[in-house]
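Beneath this line is the structure, given in C-alpha cells, with notes to follow.
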Amino acid sequence: MISFTVNGKKVQADVAPDTPLLWVVRDTLGMTGTKFGCGAQLCGACTVHVNGMPVRSCGTKVSDVEGKKVSTIEAVGKTPAGRAIQAAWVQHDVPQCGYCQSGQIMSAVALLESKPHPTDAEIDKAMDGNICRCGTYQRIRAAIHTAAATKTKGA
Amino acid sequence: MSQIKSPSRRAFLKASAAAGGGLVIGVTLPQAFAAAPATTSMPNAWVKIGSDNTVTILSARSEMGQGVYTAMPTLVAEELEVDLHKIKVEIAPAGEVYINALLGGQLTGGSTSVADGYDKLRVAGAQARMMLVSAAAQKWGVDESKCTARNGSVTGPKGAHATYGQLAEAASKLPVPKDPKLKDAKNFRYVGKPVKRLDTAAKVNGTAEFGIDVKLPGMLYASLAQCPVIGGKVVSFDAARAKAMPGVKHVVQITDGVAVVADSWWQARTARDSIDIKWDEGPAKAMSSETVAAGLKAAAAKPGAVFKKQGDVDGAMKGAAKTLEASYEMPFLSHSPMEPMNFTADVKKDSCLLYGPTQFQQMAEGVAAQMLGMKPAQITVKTTFLGGGFGRRIDVDFVAQAIEISKAVGAPVKLVWTREDDMTHDFYRPTSLHQISGGLDAAGKPVAMKFHLTSSSVTARLFPPFVKDGLDPFMLEAAAVPYDIPNQLADSLIYETGLRVGYWRSVSHALNAFANESFIDEMALAAGKDPYEFRRAMLDQKPRLKNVLELAAAKAGWGKPLPPGRFRGIGVMEGYGTSMAQVAEISVSGGKVRVHRVVVAADLGRMVNPNIVRQQIESSVNFGLSAALYGEITLKDGRIEQTNFDKYPVVRMPESPTVEAHLVESTEKPGGIGEPATALISPVVANAVFAATGKRLRKLPLRLA
Ligand code: FES
Ligand code: FES
C-alpha cells in the first residue's frame, strides 16, 4: 500500500510499487485528465507536479511519490499561476485536439511558479519536453506571456 | 483527401418527435458512395430541443482538433437563432442502416466538413426555426409574420412570448418547410466571425473525454501483442507466466495477435511482455527500405495511366532552348497523433456498444455488424473527442480488435495501444517517386512539362471502386501544376510496396506539391528568373492563386533585404477548393535547418470561423514541417525501425516557426483549410534551403549532411 496526496487529498494505492504514477492516477484513482502519449518520457502529455516540480508521471514509479504531494490538471486551477494559465489558454484559444494540453498546462504552470516573467528562451527550455502534434506552440508561447502579465497584475 | 463526388448524393428532411417530446430535424448524410445500394441513406439528426429549453446541436463530424465541434453547430445556430454559447454539442452517432463497411459515408476527412455543411446545416437550422415560429403563431392565433425568433424564444404581438422548449413538441408535428430563405451574409451573427471555440474549457481543465478516458461499468483493460511484421500471424504462444501475473483475467488470441485482459491497463501491458509468442511473419519479413526503394524505381520504368494531356509535349521539348529533368523521393510517414490508438467495445449477445475516437463511424459500425453478424440497429457508436486524427482514425483496425477481445471475454473492454504499437502498426503515408522534366524557350518561358508519378494507392484498399483505369483520384491531387504552361503530359502509376498505406493529412498534395513546387524553382533558376516573378508570370488564368501569391510575397517582404544568414523560399498550391501561397524564412547552421517565420496567404472562399481557420493554418504548417525536417519511417527485416518520438522526432516548441496567416475576404464557395498548408510547407522550405546553401534537396526529410 502506497500513500501520498493528490490535489490535497490523502490517497492509498494498492498496486505494484513499480507501477508508473500515470496509471495509478488514471486507472486506480480514476482521474483521466493526465494523458498517456508515449510512456517513455518523450512527449510530456503525462506531466504532473510532485512537491511542486513538474515530472513525467509515465516514468515515475508510484513508490517514488510515497508521502509526497502530487497535483494534476484537475486541481491546477486552484493555484494563482494555474488560474492565470487556464484563463490565458482560453483567451488565446490554444487547444486544438486538446490531448497534449493537460501536460502543456502543467509544464507552463511550473514554469510560471519558478519564473514569473519567462523569456522566450526560458519558455523554449521549459516547454521543449511537451509535444503538440496539432502545433499549438505559438499560441502556447503567447498565452504564457499573457498569463505572466495578468498574474502580476492580479497578485 | 479531396471531396469525394458521388452522383447519388441526395439529402432529404424528416421531422419526428424526439424522446422526451422534443423537436428533431434530420437530414440524411450524403448517400454512401456511388457503389452502395440505394437503401444506404442514413437519417441523422442535427437539432434537438428539449422541453427544458436545452438546445443540442449535433456535429456529424468528429472533433480531432480542426474545430468542427464549433463550426458545425455555428452553421445551425446562425439560422436557428439561439445563443451559440448556450447550446450543447453532441457528436452524432452512426446511422441505423447497414452500409458496406468499406464504402461508408459518415467520414471526417478531406477538409470537407465546412464545404459539405455550409448550406445543409444552415437549412436545417432555418427549418427548425420556421417550425418553432409556426407553432407559436398557431398557439397565439396570429399570423407567422407577426412572430420573431431570437435567442431561443419566439415573441409575438401584445408581449406574447414562448421559449423554444415550450414550442418544441408542437413544432415537431408540423410539416418541414421546403426551401427556407437563408439569411443574407451581412446579417450573420456568428458565421464568418472569430467566435471562440466551444470545446476549450473542457480542454484546459482535464474534463474533455477522449477515447482513452472511457470508462464503463465492469470494464476491463486490454493490451495487444501484434506481430512485429505487419500482417504476420500467431503460430503458437505460451501465456502461463502472464496468466499468473496480478490482475490478469484473460489471455486471448485474436486475428491480429494475443491480447492480455486485466483489471488495469498497466497490468495488462506488463503481462503482455511475458508471453512467448511464435509468429509466422509472412512474406513481408523480407522487406527493407532498400528493397522498397528499388522496387519503386523498377516499377517507375513502366509508363503510367495518363491523367493530363495538353498540347504536344514531345514536340515542344524538342523545340525548347533548354530542358531539364529531376526526380524527387518521398518517404513513408506515420500519423502519430498524440493519443495512441484505442477503443472500447462492449459486445453483448444481441447488441454492441462501440465507444471511442473514430473518424469513420459508419465503417466502425459496418465492421462490427460484419464481425458479429448483427444488424446496424444493434450497434451503437459513441464518438469521443479525438486526440488527433490526421487520417489515422479513418481506419478501424483497432475497433475490430476491441470488438474481438470484448466478445472473447464477455465483458466491456478498453483496448489501448502503446506508442510503440501505434508507430509500428500504422497505415503509413505512401512513399513516392516523381520524375519530372521541363522545357524553356529562349526567353526563359516554360513551354512544356512532363510528370511521371509512382506511388501506392490508399484508395485501392479503402474505396476500391474509386480506382478506375489505373488512376486513383486521390493520387492526382496537385499532381499537375496550376501554371499556364501550354504543353503538359502527366501520368501516374500505382505500385504497391507491400507496406500498408493510409490517408495522411493532405494526402497526395503533400507528395506532389513537394516535387512540383521544387521543380518549378529549378526551372526558374534555369531560366535565370526570380522564383516569385517566374510563378507570377504563369498565373494569369488563376486570379485567386495569383492574388495569394502576391499577398504572401508582399507580407513576407519578398525581394527586400533580410538579416544576414536568413533566406526565403516561396511556393503556391491549389487544394481542397483553397488557393494558397507561402513564404518561409530560414537559416542554416551546422547542417541544421531552422524555420523562423512562415507567411501564409490563403483564399478559401467563405469562412465559418476565421479564428479556427488561423488555428488550422498554424497547425498544418507545423505538421508539415515535422515531415519536411524529420519525418521518415524505415523498414528492416519487415519491421518498422521507428518506435517512439526519440527515433521519429517531430517539431517541438523551440523549432516551431511563427506562422502569419493572411486570409482573403471572399464570397466564393467555402473551401477546406485543415490540410493544404501541410503539403506546401515542404517545397517552400526546400526552396529556401536552396537559396541558403545552393543545394537542391530532392528527397524528404531535408538532410544537408
Ligand atoms: S506519456 Fe509520459 S512523457 Fe509521454
Ligand atoms: S492540441 Fe492536439 S496534440 Fe496538442
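Every chain is numbered from 1 and lettered A, B, ... according to where its sequence line falls, protein lines coming before strand lines.
Neither the backbone nor the side chain of V76(A) has a heavy atom closer than 4.5 Å to any heavy atom of chain B. Contact of E420(B) with chain A is made through the side chain alone, with heavy-atom distances under 4.5 Å. Proximity to chain B is limited to the backbone of N130(A), based on heavy atoms less than 4.5 angstrom apart. Using a 4.5 Å cut-off between heavy atoms, T136(A) does not touch chain B at all. In this structure, chain B has a heavy atom under 4.5 Å from the side chain of I105(A), while its backbone stays farther away. Proximity to chain B (any heavy atom under 4.5 Å) is restricted, for V94(A), to the backbone atoms N, CA, C and O. For D199(B), the part lying near chain A is the side chain, with the backbone staying farther off; criterion is any non-hydrogen pair under 4.5 Å.
Among Q86(A), Q101(A), M31(A), the residue making the largest number of heavy-atom pairs under 4.5 Å with chain B is Q86(A). For chain B, the option among G98(A), G33(A), G82(A) with the highest count of heavy-atom pairs below 4.5 Å is G98(A). Contact count versus chain A (heavy atoms, under 4.5 Å) is highest, among R197(B), K196(B), Q615(B), for Q615(B). Between chain A and the options P246(B), S656(B), P340(B), S264(B), heavy-atom pairs under 4.5 Å are most frequent for P340(B). Across W266(B), F385(B), F645(B), Y221(B), the residue that shares the most heavy-atom pairs under 4.5 angstrom with chain A is W266(B). In terms of heavy-atom pairs under 4.5 angstrom with chain B, the leader among C38(A), G135(A), S102(A) is C38(A). The greatest number of non-hydrogen atom pairs below 4.5 Å with chain A, out of S336(B), A201(B), A202(B), is found for S336(B). Contacts with chain A were tallied for R419(B), R652(B), K203(B); R652(B) has the most, counting heavy-atom pairs under 4.5 Å. With chain B as the partner, the residue from V90(A), D128(A), I123(A) showing the most heavy-atom pairs under 4.5 Å is D128(A). Contact count against chain B (heavy-atom pairs under 4.5 Å) is highest for K35(A) among R141(A), K35(A), Q104(A). Ranked by heavy-atom pairs under 4.5 Å with chain A, the list V621(B), I212(B), V650(B) is led by I212(B).
In this structure the side chain of E66(A) never reaches within 4.5 angstrom of the side chain of P17(A), judged on heavy atoms. The side-chain heavy atoms of V260(B) and V248(B), taken from C-beta on, include a pair separated by under 4.5 Å.
At a cut-off of 3.5 Å, with distance as the only test, no side-chain donor of D422(B) or H335(B) sits close to an acceptor on the other residue. Residues S619(B) and R505(B) bring a donor and an acceptor atom of their side chains to less than 3.5 Å of each other.
A donor-acceptor pair under 3.5 Å links the side-chain atoms of Q138(A) to the main chain of V659(B), judged by distance alone. At distances below 3.5 Å, at least one donor-acceptor pair connects side-chain atoms of Y137(A) with backbone N or O atoms of V651(B). Between the E63(B) side chain and the Y69(B) main chain, a donor and an acceptor come within less than 3.5 Å of each other. In this structure, E122(A) contributes its side chain and T119(A) its backbone to a donor-acceptor pair below 3.5 Å.
F36(A) has its ring centre less than 6.0 Å from the ring centre of W23(A). Close placement of the F623(B) and W504(B) rings is indicated, their centers lying within 6.0 Å of each other.
In this structure, D93(A) does not pair ionically with R139(A), as no charged nitrogen and carboxylate oxygen lie closer than 4.0 Å.
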